[in-house]
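Worksheet: the structure to be examined is printed underneath.
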Amino acid sequence: SQKIEQNSEALNIQEGKTATLTCNYTNYSPAYLQWYRQDPGRGPVFLLLIRENEKEKRKERLKVTFDTTLKQSLFHITASQPADSATYLCALDDKIIFGKGTRLHILP
Amino acid sequence: EAGVTQFPSHSVIEKGQTVTLRCDPISGHDNLYWYRRVMGKEIKFLLHFVKESKQDESGMPNNRFLAERTGGTYSTLKVQPAELEDSGVYFCASSQGTYYGELFFGEGSRLTVL
């Protein structure tokens, strides 16, 4: 069955630095991959979608890459701010299969 | 424009009782999804409606769970009878047309079964 792994449960990054989160998947070839943000007690909020034929997608301080050979997506937040602290979820297409998420803490 | 709304936000019931969760999607969104997050686990797909039809219900745990979507508008998810392992947060999401992706989620309904 399909499996998604996000590199770590929690990640601490100093304010102003670039945060990089990893999403790896197996036994699947998604047509696209998505990233969501989830704050405590709230529902996930869509951030970015990247298709299999796209290498990179940007939105403001966010950048996503998609390597279908490595079966990996990287999610970058540049010039990170404390307000970026949240759980970030990677999701594969179709039924939108979610990873467990990475809790990102931006330290002031 | 109103987002996806879910009710109740939190429900505490005893094992064996029945609970009905409701989801109102964004107006005009044909796709409606139910997901569940059990503590410590990832968000898991339950089922997908396209308008009033069940497109995919492969994630429904067992026949104690019944989902309906009346007239292609709001949806309900009934758990009867509830078991301890049904505790978790139930999320509803909606999206437009045939474009898979960019799901709009509700805030979730937390279910606690004692």
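Reminder, nothing fancy here: chain letters follow the sequence lines and each chain counts from 1. Being a predicted model, the structure only gives us computed values, none of them experimental.
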A side-chain contact here means heavy atoms from C-beta on lying under 4.5 Å apart; do [X] and [Y] qualify?
X	Y	answer
Phe98(A)	Lys41(B)	no
Phe104(B)	Val45(A)	no
Lys100(A)	Ile43(B)	no
Gln6(A)	Glu42(B)	no

Practice task
Measure from the side-chain N and O atoms of Glu102(B) to the backbone N and O of Phe46(A), and report whether any donor-acceptor pair falls under 3.5 Å.
Solution key: no

- Item | Main-chain N/O of Ile97(A) paired to Tyr35(B) side chain as donor or acceptor, under 3.5 Å |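 Checking the backbone N and O of Ile97(A) against the side chain of Tyr35(B), no donor-acceptor pair under 3.5 Å is found.
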
Just checking [X]: does its [atom1] atom have more than 12 heavy atoms from other residues, nucleotides or ligands closer to it than 6.0 angstrom?
X	atom1	answer
Lys78(B)	NZ	no
Glu52(B)	CD	yes
Gln81(A)	CD	yes
Glu85(B)	CD	yes
Lys51(B)	NZ	no

Going hydrophobic residue to hydrophobic residue with side-chain gaps under 4.5 angstrom, can you get from [X] over to [Y]?
X	Y	answer
Phe66(A)	Ile4(A)	yes
Tyr33(B)	Met60(B)	no
Val89(B)	Leu46(B)	no
Leu21(B)	Phe45(B)	no
Leu74(A)	Val64(A)	no

Contact list (residues 105-114 of chain B to chain A, heavy-atom gap under 4.5 Å, by number) returns Phe105(B), Gly106(B), Glu107(B)

Minimal heavy-atom distance between Leu103(B) and Gln34(A), with the atoms involved, is N-OE1, 4.4 Å

With a 4.5 angstrom heavy-atom cut-off, is it the side chain or the backbone of Leu47(A) that approaches chain B, or both, or neither?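 No part of it gets close to chain B.
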
Checklist entry - Which bit of Gln38(A) comes within less than 4.5 Å of chain B, counting heavy atoms only: side chain, backbone, both or neither? => result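 The side chain, not the backbone.
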
Between CZ of Arg42(A) and CZ of Phe91(B), what distance do you get to the nearest 0.5 Å?
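CZ of Phe91(B) is found 10.5 Å from CZ of Arg42(A).
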
Residues at least two apart in sequence or cross-chain that pass salt bridge (Lys or Arg N to Asp or Glu O under 4.0 Å) with Lys57(A), listed by chain then number, are Glu54(A)

